[in-house]
Amino acid sequence: MPEIDIKEMEKKLRDLWEREGIYRFDRKSKQKIYSIDTPPPTVSGKMHIGHAFSYSQQDFIARYKRMAGFNVFYPFGTDDNGLPTEKLIEKTKNVKSKSMSREEFISLCLKTLKEITPEFIQDWKNLGVSCDYSIYYSTIDKNTQRLSQKYFLHLYKKGKIYKKEFPTIWDTEFQTPVAQAELEDKTQDTLFTTLKFKVKETNQDLLIATTRPELLGACVAVFINPKDKRYNKLIGKKAIVPIFNHEVPILGDESAEIEKGTGILMICSYGDKYDVDAISRHKLKPRVILNKDGTLNLPNTQYNHLRVKQARSKILEDLKSHNLITDQKKISHIVNVYEKSGVEIEFLPTEQWFIKILDKKPLLISSGKKIKWHPEHMFKRYENWIKGLDWDWSISRERHFGIPIPVWHCRKCNTIIHAEEKELPIDPTSTKKVCKTCKIATEPETKVLDTWATSSITPQISSHIMNNTIKIPYSLRPQAHDIIRTWAFYTITRSILHEKSIPWNDIIISGFVTMQGEKMSKSKGNVISPQEITEKYGVDSLRYWASSSKLGEDLDYQEKEILAGKKFITKILNATNFVFMNLQHQNKIPKLHPTDELFLLQLNKTIKEATEAFNQYNYSKAKSEADNFFWKIFADNYMEIVKYRVYNGTEEEKASAYYTLYQALLTIIKMMAPITPYITEHLYQEHFKKYEGKKSIHIESWPTLFKGKSSKSEDELWNKLIEVITLVRQEKSKAQKSMKAETILTLPKKDLSLLKPVLDDLQHVTNSTQIKEGKLSVELL
RNA sequence: GGGUGAUUAGCUCAGUUGUGGCGAGAGCAUCUGCCUUACAAGCAGAGGGUCAUAGGUUCGAAUCCUAUAUCACCCACCA
């Protein structure tokens, strides 16, 4: 049995691929281009299992397309801009960005990234992801900054980007606005308290239920449904807010639900999205009491500077002691939190930048429909998301580490001065601009662009590296389903706005990796690292596992599946060993034995199925077709059948077997090459390269069909052959005999005449001393 | 509340879309054998399923239609 050191083999082959530039995009080639808009992973130190899973899947496609004759454009990028990077640097370098100068912090980020990025990328190379790593971008590098700013200005000049003071979704932890797409749900226990307001005119109690009593100071109105017979006569009067004692109008509003709470609700600036909407609808003057850091701004009260939750319990105490609470119960409700901080979001009126998208909903949906989604139903998620959009796309962030928004403001005439294209990339804080009309110094914009505002132009970034020879739409976008509402949505939006075109023709959506049905997460402690797996079983085993799930389906981590991959590797090594043990290479197609011909026709079916499956991005079917053929038809049956001829046949019989074994094995490893690139390359280098002449199996051509027509009678003959072999094996098993036990085989006349062309092989594989005509029987000697 | 997907052997999943069809498949696990000159981390064989439930269409349904249940994900709900 051939022993190989998998780690050593992997290293050797990686070096080969790199040295020979196997995955280089050929700029001069006339072949059709297949372009992939590769997801740039967020630099985080190490690749995790979810990455390994989805990048394997997209790589199956890339490798197949390369073998199928396409000039595959498969660039690589890293996402290292924005909050996740800030967090990473703060953690690893033990610093706080807000307590450093912007310049200082940015240079620390860039320096650290330079240190850790190569090692990070190595994980992708190890996994065998066949990108052309020389076509590389980072979402913070100079070129990307220039492009991102250029495309910002492009939209700004067209009036599609605007700046507005508006209550935006605000995260008090990172102290920055965030986008609707970056919110998550979180179930929380809270107190639902009914408190007493007073009606000014009548001095009667007005009961209002709330979960946010700390916002009483921000109360600007009270709503009652005009149809609410209990209270509608109060509409038009004034209410007195408890504790704070200011007057607010009692307004009639149909959106107030009679059944909910007490039927009366208070409007505060800003408790939630409803408040934002209510205040703008009734043109109320907001009373903003929240600071950016999540503390309250209520000077001359005991609540000043308290954090929201502290203020809540303090105010509840005070209400209680003033006997202003009539009812209180514990409820569990769902709140929106920022996905990166886990902290409840607030609404704060700040000046922010937005890309207009609400007016484009129908166009964005119809454009999305032009893209082929795999699986198809993922389009619904995209559509559903767009339909539910309430806000324009918030793109500015009040952070240090991001791409600066290239504008200045003149305080006097209130105009915005933007950078010129030739100045890009530019950090407005390091350049002084004078307002041409007012002749005074302007103020630089200190906000930066959100990461998505840049990663949404990855097709443009990669194309730019290639001097725009790669055209939009790309062939393919691969990504996971959790970022349909962000990355896919934003990329489509930008492409429509800038290019008036969809960004890609196809999009493939991969699922998640779960552990016993649960999402893997560090907090649950059920995380498996891909490095751990590949160390133990090799990269191919991991990829073999990743290929077992269909697109869009979550895959549960099962060690036994990884083990199955390992078994495949061992098996194909052994099979190859047998094939080449005695083989003499056939330069010409010899006269084929009927069995060999039949077998190759069976192989044709597999080639057809696998090719079709790969063309539909159904790599899991392609793999199982090839894998099944290898295991069931090639190893378990064909190899057993030809053994006798290989050892004892005439020259002609041997030649036919040699040719067929060689061709079939080559076809099998070609079909498996996209899935398990290492072992197939190893075998190619060892045994096939000298005859086939390509530098690597990964630039070999995808298998084509063998000559000969598969017909019903051919299938019938092959199936009968296998049927009889199986029958004999059954009888031997039943009799607890060895498989080499001698037999006398009796076949009905019909079968005997059908099997005539392959009778010699049948006799040898069943080890029959004779094959007789008569009633079907297997006589063991 | 809206949307989407899933439900097939002990476990993990194919098969279902545009063509419904003779006995429903695989891997793992279980059981019984076999050292057979590629492979015992292997080979050969066996057992195991009312295809979630209830109706309907049909000569015939895992597959098409209608409900229902359970699970998962996304969105909305935050007084």
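Side chains included, hydrogens not; waters and symmetry mates left out as well; all remaining heavy atoms used. Per chain, numbering begins at 1; letters A, B, ... match sequence-line order.
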What is the distance from [atom1] of [X] to [atom2] of [N], rounded to the nearest Å?
X: A/I562; N: B/rC28; atom1: CD1; atom2: P; value: 15 Å
X: A/N767; N: B/rU37; atom1: CG; atom2: P; value: 12 Å
X: A/I509; N: B/rC74; atom1: CD1; atom2: C1'; value: 13 Å
X: A/I334; N: B/rC78; atom1: CD1; atom2: P; value: 11 Å
X: A/D390; N: B/rC78; atom1: CG; atom2: P; value: 12 Å
X: A/K550; N: B/rC13; atom1: NZ; atom2: P; value: 11 Å
X: A/K566; N: B/rA40; atom1: NZ; atom2: P; value: 14 Å
X: A/Q736; N: B/rC31; atom1: CD; atom2: C1'; value: 12 Å

### Task
Determine whether the side chains of A/N618 and A/S620 contain a donor N or O and an acceptor N or O closer than 3.5 Å.
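Looking only at side-chain atoms, A/S620 and A/N618 do form a donor-acceptor pair, the distance falling under 3.5 Å.
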### Query
Between A/D761 and A/T595, is any side-chain donor less than 3.5 angstrom from a side-chain acceptor?
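Yes, a side-chain donor-acceptor pair sits under 3.5 Å.
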On a whole-Å scale, what distance lies between the [atom1] atoms belonging to [N] and [M]?
N: B/rG25; M: B/rA67; atom1: P; value: 32 Å
N: B/rG48; M: B/rA29; atom1: C1'; value: 11 Å
N: B/rG15; M: B/rU63; atom1: P; value: 15 Å
N: B/rC31; M: B/rU37; atom1: P; value: 27 Å
N: B/rA52; M: B/rA69; atom1: C1'; value: 8 Å
N: B/rA54; M: B/rG18; atom1: C1'; value: 29 Å
N: B/rU68; M: B/rA6; atom1: C1'; value: 16 Å
N: B/rC77; M: B/rG5; atom1: P; value: 24 Å

### Task
Would you mind building the protein contact string for nucleotides 4-11 of chain B? One character per nucleotide, 5' to 3', B for base within reach (heavy atoms under 4.0 Å), S for sugar-phosphate only, - for untouched.
SS-----B
Does [X] have any side chain to side chain contact (heavy atoms under 4.5 Å, CB included) partners at least two apart in sequence or in another chain, and if so, which?
X: A/R287; answer: A/V220, A/H246, A/S269
X: A/H374; answer: A/K372, A/D506, A/I508, A/L551, A/Y617
X: A/E339; answer: A/E182, A/E184, A/R485
X: A/K643; answer: A/F578, A/E640, A/Y647

With a non-hydrogen cut-off below 4.0 angstrom, is [X] in contact with a base, only sugar-phosphate, or nothing?
X: A/A735; result: nothing
X: A/A741; result: nothing
X: A/A575; result: base
X: A/E257; result: base
X: A/F512; result: nothing
X: A/D556; result: nothing
X: A/K186; result: nothing
X: A/Q180; result: sugar-phosphate

N/O contacts under 3.5 Å, protein versus nucleotides 70-72 of chain B?
none

### Task
Look only at the side chain of A/N336 and the backbone of A/L183, and say whether a donor-acceptor pair between them is shorter than 3.5 Å.
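Answer holds: no.
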### Message
Using only atom types and a distance under 3.5 Å, with no angle test, would you say the side chain of A/K737 pairs donor to acceptor with the backbone of A/E731?
### Response
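No, the answer is negative, given that no donor and acceptor are paired below the 3.5 Å cut-off.
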## Note on the structure
Among B/rC74, B/rG15, B/rC34, the one nearest any side-chain atom of A/S738 is B/rC34
For the aromatic rings, using the six-membered ring if either is Trp, is the centroid distance between [X] and [Y] under 6.0 Å?
X: A/Y274; Y: A/F347; value: no
X: A/F60; Y: A/Y619; value: yes
X: A/H333; Y: A/F192; value: no

### Task
Can you sort out the partners of A/F688 under ring-ring contact (aromatic ring centres under 6.0 Å, His included), two or more places apart, ordered by chain and number?
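With neighbours one apart ignored, the set is A/F580, A/Y662.
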#### Entry: Nearest-nucleotide 5' precedence on RNA chain B, A/S624 against A/M639
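On the 5' side of the pair lies A/S624.
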### Task
Could you check A/I264 against A/K632 and say which one's nearest nucleotide on RNA chain B is further toward the 5' end?
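The 5'-side residue here is A/K632.
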### Task
Can you tell me which residue pairs pass the ring-ring contact (aromatic ring centres under 6.0 Å, His included) test with a partner in residues 550-572 of chain A, sequence neighbours excluded?
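The answer is A/Y544-A/F568, A/W545-A/Y557, A/F568-A/F630.
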### Query
Hey, is the side chain of A/K273 poking within less than 4.0 Å of OP1 or OP2 on B/rC77, counting only N and O atoms?
yes
Please write out the pairs of protein N or O atoms and N or O atoms of nucleotides 42-48 of chain B separated by less than 3.5 Å, giving the distance to one decimal.
unit_1	atom_1	unit_2	atom_2	d
B/rG42	O3'	A/K571	NZ	3.4
B/rC43	OP1	A/K571	NZ	2.6
B/rC43	OP1	A/W631	NE1	3.3
B/rA44	OP1	A/D636	OD2	3.4
B/rA44	O2'	A/R729	O	3.4
B/rA44	O2'	A/S733	OG	3.1
B/rA44	N3	A/S733	OG	3.3
B/rG45	O4'	A/S733	OG	3.3
B/rA46	OP1	A/Q730	NE2	2.8

## Note on the structure
Sorted by chain and number, sequence neighbours left out, salt bridge (charged side-chain N to carboxylate O under 4.0 Å, His left out) with A/R281 holds for A/D253, A/D277
### Query
Checking side-chain contact (heavy atoms from CB on, under 4.5 Å) for the pair A/H481/A/D554: CA distance, chi angles, key distance, verdict?
CA-CA 10 Å; A/H481 60 67; A/D554 290 351; 3.5 Å; yes
### Message
Going by side-chain hydrogen bond (donor to acceptor under 3.5 Å, both in side chains), name the residues that satisfy it together with A/Y231, two or more places apart in sequence or in a different chain.
### Response
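Once residues adjacent in sequence are excluded, A/Y231 has no partner under the side-chain hydrogen bond (donor to acceptor under 3.5 Å, both in side chains) criterion.
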### Query
Pairing of RNA chain B as dot-bracket, 5' to 3': ( ) intra-strand, [ ] crossing, | other strand, . unpaired, with Watson-Crick or G-U pairs under 3.5 Å?
(((((((..((((.......[...)))).(((((.......))))).....(((((..]....))))))))))))....
